[in-house]
Amino acid sequence: MTPDILSQTYGLSGKTALVTGGGSGIGKAIATCLARSGAKVVIAGRRADVLEAAAAEIGQGCGTFVLDVTDIAALPEAEAAIAAKFGTIDILINNAGNTLKKPFEDCDMSDFDQIFDVHVRGALELSRCVIKRLLAEERPGSISFISSMTAYIGQPLVHGYTISKTAIDGVIRGLSAEFAARGIRVNGVAPGWIDTEIFRKATDGDAPRKQKIMSRIPTQTLGQPEDIGWACAFLSSPAAKYINGQVILVDGGGATGF
Ligand code: NDP
């Protein structure tokens with residue numbers, strides 16, 4: 001394949017992309033892959049220093065924007081400010097995430113809410129703002145949510161997380177049906193076990209859990225953040241123009257293998 005065909009098919013030049021939680025882990029890798037594919041990338045999160053350090057590493061004019069996705073009332077203004085500074089957001093990757101490992105019997109509603117607020121409510125409102133502008137400008141767009149393999153398998157102790165990721169899959173189905181005819185595709189990527197902070201938080205000090213995880217991944221390796229990054233770049237690209245309402249598992253076969 002010639003470089004021309006590759007860039008027409010998989011390239012993102014001329015597009016502005018926003019990655020929430022883009023300052024670290026999987027989000028930073030997603031931002032890197034989108035930038036390498038030619039997009040103008042903006043990364044967002046709560047910690048300015050983390051964002052600045054990541055943007056310097058990503059290079060290619062990567063922009064930063066400090067926001068807390070749980071501050072729902074502030075999101076419309078944040079989206080407008082990003083669009084004014086960097087251009088209309090053509091590609092949104094709802095990646096920001098948190099987790100909590102706690103026995104179900106000890107959880108109260110706030111334990112579920114603090115996870116749901118980030119993964120679902122924040123991502124929903126930001127998507128709504130981005131979609132509204134795309135519709136008003138009659139521009140095509142691509143929204144991707146970072147789901148999780150946890151939406152497909154039962155895992156103990158991370159109930160707020162499992163509930164949130166399962167809800168995201170429903171959001172993807174609904175939005176993908178509502179906006180496809182107007183040029184906006186909505187998909188998701190469901191990472192398996194990826195070697196990042198969130199994974200270490202869930203497995204550190206729990207050797208049996210880690211062993212159980214490793215024993216069920218057919219590739220016998222943890223995923224790397226860029227494995228998710230390239231899946232997002234593909235879903236955001238012209239090559240995926242007929243892919244809508246899907247969640248791609250990027251998990252080494254963990255959810256389906258034995
Ligand atoms: P990290 O903890 O490394 O990164 C999470 C990012 O989200 C941080 O950059 C953080 O930045 C940002 N963030 C958290 N809360 C908020 C908030 N309220 N507002 C804005 N940004 C926020 O996690 P990962 O990179 O591992 O996870 C990224 C995504 O991938 C998550 O959605 C996670 O659920 C999902 N995932 C991860 C898996 C894994 O094995 N690692 C497996 C399956 C899914 P800051 O603190 O500065 O705000």
Side-chain angles (χ1 to χ4, degrees), residues 18-33 42-55 57-58 62 64-75 78-79 82 92-101 113-127 144-153 155 158-169 171-172 188-204 209-210 213-214 216-217 221-229 231-232 247-252 254-255:
L18 174 66
V19 183
T20 65
S24 64
I26 290 174
K28 186 164 81 175
I30 295 170
T32 303
C33 294
V42 184
I43 53 177
R46 292 165 301 177
R47 293 167 296 169
D49 56 333
V50 169
L51 293 172
E52 289 308 329
E57 224 179 286
I58 294 165
C62 180
T64 63
F65 195 90
V66 176
L67 65 73
D68 181 341
V69 296
T70 66
D71 188 357
I72 300 292
L75 293 182
E79 182 276 332
I82 293 167
L92 171 64
I93 313 287
N94 287 301
N95 163 81
N98 57 351
T99 190
L100 176 71
K101 191 176 161 198
D113 287 347
Q114 62 170 290
I115 310 296
F116 200 83
D117 285 353
V118 176
H119 293 270
V120 185
R121 295 183 84 241
L124 264 181
E125 177 60 4
L126 196 53
S127 301
S144 296
F145 290 80
I146 303 305
S147 176
S148 171
M149 173 212 242
T150 311
Y152 305 95
I153 58 172
Q155 277 200 91
V158 286
H159 303 288
Y161 188 82
T162 305
I163 292 161
S164 299
K165 292 305 195 186
T166 308
I168 283 173
D169 287 2
V171 169
I172 291 167
V189 173
W193 287 288
I194 310 295
D195 193 10
T196 67
E197 197 54 42
I198 217 168
F199 173 79
R200 286 187 283 272
K201 203 170 158 190
T203 53
D204 278 0
R209 190 182 180 99
K210 186 158 185 196
I213 287 169
M214 295 311 297
R216 65 167 291 162
I217 307 175
T221 52
L222 290 175
Q224 294 305 311
E226 66 267 22
D227 296 327
I228 309 307
C232 289
V247 182
I248 301 181
L249 271 158
V250 180
D251 67 346

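Throughout, residue positions are numbered sequentially from 1 according to the sequence presented. Order of listing sets the numbers, starting from 1, for every ligand and every atom in it.
Side chain of Ser147 to main chain of Val189: no donor-acceptor pair is present (N/O by atom type, distance under 3.5 Å, no hydrogens or angles). Panel note: side chain Asp117, backbone Gln114; no donor-acceptor pair is recorded below 3.5 Å. Remark: side-chain polar atoms of Asp251 are not paired, donor with acceptor, to backbone N or O of Pro191 under 3.5 angstrom. A donor-acceptor contact shorter than 3.5 Å is absent between the side chain of Lys28 and the backbone of Leu51. Checked by atom type and distance alone, the side chain of Asp68 never pairs as donor or acceptor with a backbone atom of Arg46 at under 3.5 Å.
For the residue pair Gln155/Thr162, the side-chain donor-acceptor check at 3.5 Å is not satisfied.
Using a non-hydrogen distance threshold of 4.0 Å, Gly192 registers as a contact of ligand 1. Within the structure, ligand 1 has Ser147 among the residues with a heavy atom less than 4.0 angstrom away. Residue contacts with ligand 1: Met149 is excluded, as none of its non-hydrogen atoms falls under 4.0 Å. Residue contacts with ligand 1 include Ile146, since one of its heavy atoms falls under 4.0 Å from the ligand. Remark: distances from the non-hydrogen atoms of Val50 to ligand 1 are all 4.0 Å or more.
Closest protein heavy atom to atom 33 (C) of ligand 1: Tyr161 OH, 3.4 Å. Scanning the protein for heavy atoms near atom 40 (O) of ligand 1, the closest one is Ile194 N, 2.9 Å. For atom 26 (O) of ligand 1, the closest non-hydrogen atom on the protein side is Thr196 OG1, 2.5 Å. Ser24 OG, 3.1 Å is the protein heavy atom nearest to atom 8 (C) of ligand 1. Scanning all protein heavy atoms for the shortest distance to atom 2 (O) of ligand 1 gives Ile198 CB, 4.2 Å. When hydrogens are left out, the protein atom nearest atom 16 (C) of ligand 1 is Arg46 NE, 3.5 Å; that is the closest non-hydrogen contact. Protein heavy atom nearest atom 18 (N) of ligand 1, with residue, atom name and distance: Asp68 OD1, 2.9 Å.
Within the set Arg47, His119, Lys28, the minimum heavy-atom distance to atom 11 (O) of ligand 1 is found for Arg47. With Ala96, Gly223, Ala123 as candidates, the residue nearest to atom 13 (N) of ligand 1 on a non-hydrogen basis is Ala96. When the heavy-atom distances from atom 20 (C) of ligand 1 to Asp251, Ile43, Leu67 are ranked, the shortest goes to Leu67. The heavy atom nearest to atom 29 (C) of ligand 1, considering only Asn95, Val66, Leu222, Thr99, is found in Asn95. Looking at Gly27, Gly97, Gly21, Ala54 and measuring to atom 14 (C) of ligand 1, the nearest heavy atom belongs to Gly97.
A heavy-atom distance below 4.5 Å is found between the side chains of Trp193 and Arg216. Within the 4.5 Å cutoff, side-chain heavy atoms of Val247 are placed close to those of Tyr152.
With respect to the salt-bridge test (charged N to carboxylate O, under 4.0 angstrom), the residues Asp195 and Arg200 qualify.
Among the atoms of Glu197, none of the N or O lies under 3.5 angstrom from an N or O of ligand 1. Of the N or O atoms in Trp193, none lie within a sub-3.5 Å distance of an N or O in ligand 1. For ligand 1, one of its N or O atoms has an N or O atom of Ile26 under 3.5 Å away. The shortest N or O to N or O distance between Val69 and ligand 1 is below 3.5 Å.
More than 12 non-hydrogen atoms from other residues, nucleotides or ligands lie less than 6.0 angstrom from NZ of Lys101.
Phe145 has its ring centre no less than 6.0 Å from the ring centre of His119.
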Original post:
Between Glu52 and Thr64, does a side chain to side chain donor-acceptor pair (under 3.5 Å) hold up when you go through it step by step?
Top reply: CA-CA 7 Å; Glu52 289 308 329; Thr64 63; 2.9 Å; yes
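Nearest heavy atoms, Ile72 versus Arg121: CD1-O, 3.6 Å.
With rounding to the nearest 0.5 Å, the separation of OG1 in Thr99 from CD in Glu197 is 12.0 Å.
Set against the non-hydrogen atoms of Gly25, the atoms of ligand 1 under 4.0 Å away are 3 (O), 25 (O). Under a 4.0 Å criterion applied to the non-hydrogen atoms of Phe199, ligand 1 contributes the atoms 40 (O).
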